[in-house]
Amino acid sequence: STLFILILFMINQHGMAQTNYESLWKSVTKLENDGKTKDAQKAVESIIEKSRKDKNTSQTVKALLYKYRYVMTLEEESELKIVSGLKEEITKSSGADKAVLQSILAELYFQYFNDNSWKFSNRTETDEKQSDDFRTWDLKTLFKEINTYYVASLENKELLQQTKLDSYTPILEQQKGSQVFRPTLYDLLANRAIDYFNDDKSNLAEPSNAFSIDDKKYFATANEFVTLKLNDADKNSQDYNALKIYQDLLAFRLKDKTNLDALADADLKRIQFIRAHYFNKDENEALYYSALQRIKTEYAKCTIGATINYEIANYINQKAQDKNITNTFKVKDAIAVCDETIKNFPLTEGAKNCAALKTSINHKDLSITTEETVIPNEAFKALVNYKNIGKIFFKIVPISYKEKDNIFSIKDKETQEDVLKRLNAIKSIKSWNQFVPYTDDYLNHSTEIKIDGIKKGYYALLVSTNDNFSTISGSNAV
């Protein structure tokens with residue numbers, strides 16, 4: 001059977017227990033290490049009971065996740081037992097505890113689908129749930145249930161918005177600085193639900209009254225967006241649920257004047273979601289770029305401003321490469337945005353992404369295409385594709401047909417550089433260099449060159465940006 005992996009709360013074995021639970025968790029760890037899984041399970045049941053009495057939500061959830069892990073190890077049909085157990089816990093729980101468990105159950109259902117999507121291809125859709133065994137459900141029933149639990153996990157908005165994420169530190173694996181953007185339990189659970197609704201589910205049939213993101217007003221400012229009335233005729237719609245959550249999340253963030261970064265992060269993700277799901281692809285890109293430029297100004301004074309700048313630079317760079325559009329975008333403009341970001345937002349994630357984008361833009365690319373077989377002693381043509389290069393070095397190396405596999409095969413722990421070393425060890429029959437039309441637009445170009453004829457034989461044609469035909473420096477291409 002498929003093994004559930006509990007993803008939301010990554011259980012950290014060390015330094016995670018609050019002071020009065022530390023000895024209890026040490027006992028659990030020792031029992032685990034001694035191979036006494038059943039005894040460890042009993043110890044965890046005791047922690048569940050204690051944490052409930054103490055109203056310690058984080059310890060309750062952590063202990064439940066341990067319990068379900070033991071169920072996977074010790075019992076048959078563990079998937080069904082875990083889900084049944086979670087449902088029972090949800091029924092008994094309330095407040096933040098219940099919201100967290102609902103979010104976990106929704107994730108487990110979706111994970112089951114991802115691991116077993118092939119099982120759903122021949123199942124007939126029904127309007128009503130035919131069984132409590134989720135393993136027998138059709139796709140429509142499963143997604144409806146997932147939607148229900150993710151939405152339900154956010155119902156108690158006020159409580160969740162007042163619940164700081166600090167109290168969940170023992171059971172969360174967090175990225176550095178992430179609490180700036182997810183300071184409350186509501187922020188965390190809302191973004192988990194949005195991530196699910198953002199996932200492509202094109203294999204799910206849509207009803208005739210399906211919700212559609214079909215108006216440019218969805219790209220409006222955060223203040224305007226939160227007041228929009230959404231068509232709720234299809235409340236199971238992924239897009240409808242995502243936008244509804246974004247409205248609630250942004251309305252909450254707009255009230256908090258002390259954390260502009262959390263608002264900016266949510267707003268950026270909102271317009272990225274709209275871009276991905278907007279119905280009119282012809283006007284979608286222009287609307288998205290305009291929204292990026294607007295929020296760049298709105299959030300210029302917060303850390304997320306660097307990330308917004310990166311998205312703008314990346315957008316400009318991608319559009320500049322697109323040969324299918326009449327191009328007004330220039331890669332140089334993307335570099336300028338990157339330089340501005342690195343200067344004004346040093347050490348931020350956005351600045352790091354801009355530095356990586358600049359490296360990619362400045363990277364030298366080089367390749368050559370010829371006919372595999374040419375007529376001996378007759379000149380032939382080759383197509384050279386290049387970027388950021390003005391001079392190319394060539395050489396032709398004779399190869400023994402019997403040895404070609406030994407030369408070109410990359411063996412264990414080898415890299416392409418080892419192949420180049422073997423080729424460079426062979427004396428070339430011809431070498432030369434040639435200038436190509438150089439441009440400073442950072443785009444890919446191609447040109448056709450003439451290569452003089454060579455006598456009958458088997459050869460390797462090498463092209464390089466340097467006369468050493470090596471990539472060791474990292475700034476050259478071969």
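Just so it is clear, the structure is predicted and the values come from calculations on it, not from any experiment. The analysis underlying the following values was restricted to heavy atoms, covering all of them including side chains, and did not include hydrogens, waters or symmetry mates.
- The aromatic rings of Tyr109 and Trp137 are tilted relative to each other, their planes meeting at an angle between 30° and 60°.
- In terms of the salt bridge (charged side-chain N to carboxylate O under 4.0 Å, His left out) criterion, residue partners of Lys157 (sequence neighbours excluded) are, by chain and number, Asp248.
- Looking at Tyr246, its side chain never comes within 3.5 Å of a backbone N or O of Phe273 through a donor-acceptor pair.
- Applying the salt bridge (Lys or Arg N to Asp or Glu O under 4.0 Å) rule to pairs touching residues 346-359 yields Asp339-Lys358, sequence neighbours excluded.
- Shown here are the salt bridge (charged side-chain N to carboxylate O under 4.0 Å, His left out) partners of Lys332, two or more places apart in sequence or in another chain: Asp440.
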Task: Derivation of the side-chain hydrogen bond (donor to acceptor under 3.5 Å, both in side chains) call for Thr141 and Asp138 - done: CA-CA 5 Å; Thr141 302; Asp138 61 89; 2.8 Å; yes
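- With no hydrogens or angles considered, no side-chain donor-acceptor pair links Gln162 and Tyr186 at under 3.5 Å.
- A distance-only check finds no donor-acceptor pair linking the side chain of Ser360 to the backbone of Ala356 [under 3.5 Å].
- Atom NZ of Lys255 is surrounded by 12 or fewer heavy atoms from other residues, nucleotides or ligands within 6.0 Å.
- A parallel orientation is assigned to the rings of Phe113 and Phe110, their planes being inclined by less than 30° (bins at 30° and 60°).
- Ser51 and Asn56 are not linked by any side-chain donor-acceptor pair at a separation below 3.5 angstrom, with hydrogens and angles left out of the test.
- Judged purely by distance below 3.5 Å, without hydrogens or angles, the side chains of Asp322 and Gln318 never pair a donor atom with an acceptor atom.
- Of the possible donor and acceptor atoms, none in the side chain of Ser290 sits under 3.5 Å from a partner among the backbone N and O of Ala286.
- Looking only at side-chain heavy atoms (C-beta outward), Ile213 and Phe211 come within less than 4.5 Å of each other.
- Side chains of Thr221 and Asn223: no donor on one and acceptor on the other come within 3.5 Å.
- Across all their heavy atoms, Phe252 and Asp187 have their closest contact at CE2-OD2, 3.7 Å.
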Listed pairs under 3.5 Å, donor-acceptor, residues 293-307 side chains, sequence neighbours left out:
{"from": "Gln293", "atom 1": "NE2", "to": "Tyr289", "atom 2": "OH", "distance (Å)": "2.7"}
{"from": "Arg294", "atom 1": "NE", "to": "Glu298", "atom 2": "OE2", "distance (Å)": "3.2"}
{"from": "Arg294", "atom 1": "NH1", "to": "Phe219", "atom 2": "O", "distance (Å)": "3.1"}
{"from": "Arg294", "atom 1": "NH2", "to": "Phe219", "atom 2": "O", "distance (Å)": "3.3"}
{"from": "Arg294", "atom 1": "NH2", "to": "Ala220", "atom 2": "O", "distance (Å)": "3.2"}
{"from": "Tyr299", "atom 1": "OH", "to": "Asp267", "atom 2": "OD2", "distance (Å)": "2.7"}

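- Pairing each heavy atom of Ile361 with each of Ala334, the nearest pair is CD1-CB, 4.4 Å.
- More than 12 heavy atoms of other residues, nucleotides or ligands shown are found within 6.0 angstrom of NZ on Lys50.
- Residue Lys42 qualifies as open at atom NZ: its count of foreign heavy atoms under 6.0 Å is 12 or below.
- Annotation for Leu80 and Arg135: closest pair CD2-NH2, 3.3 Å, computed over non-hydrogen atoms.
- Remark: Asn284 engages no residue in a side chain to side chain donor-acceptor pair (under 3.5 Å) (not counting sequence neighbours).
- Salt bridge status for Lys67 with Glu45: present, with a side-chain N to carboxylate O gap under 4.0 Å.
- Between Tyr278 and Tyr288, every side-chain heavy-atom pair lies at or beyond the 4.5 Å cut-off.
- Taking all atoms of both residues into account, the shortest heavy-atom contact from His445 to Thr439 is NE2-OG1, 3.0 Å.
- Heavy atoms only, all atoms of each residue included: Ala63 and Trp25 are closest at CA-CH2, 3.8 Å.
- Within 6.0 Å of CD in Gln321 there are more than 12 heavy atoms belonging to other residues, nucleotides or ligands.
- Atom NZ of Lys26 sits in a sparse spot, with 12 or fewer heavy atoms from other residues, nucleotides or ligands closer than 6.0 Å.
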- [ ] Might you work through the salt bridge (Lys or Arg N to Asp or Glu O under 4.0 Å) test for Lys217 and Glu224, ending with a clear yes or no?
- [x] CA-CA 8 Å; Lys217 64 187 178 184; Glu224 293 169 320; over 6 Å; no
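- With hydrogens and angles ignored, the 3.5 Å screen pairs a side-chain donor or acceptor of Asn147 with a backbone N or O of Asn236.
- A side-chain donor from one of Thr258 and Asp256 sits under 3.5 Å from a side-chain acceptor of the other.
- The stretch residues 145-164 participates, sequence neighbours left out, in these ring pair (Phe, Tyr, Trp, His ring centres under 6.0 Å) pairs: Tyr150-Tyr196.
- Side chains of Ser103 and Ser153: no donor on one and acceptor on the other come within 3.5 Å.
- Taking every heavy atom of both residues into account, Gly95 and Asn156 meet most closely at CA-ND2, 4.1 Å.
- In terms of modelled atom types and a separation under 3.5 Å, the side chain of Asn198 and the main chain of Ile194 share no donor-acceptor contact.
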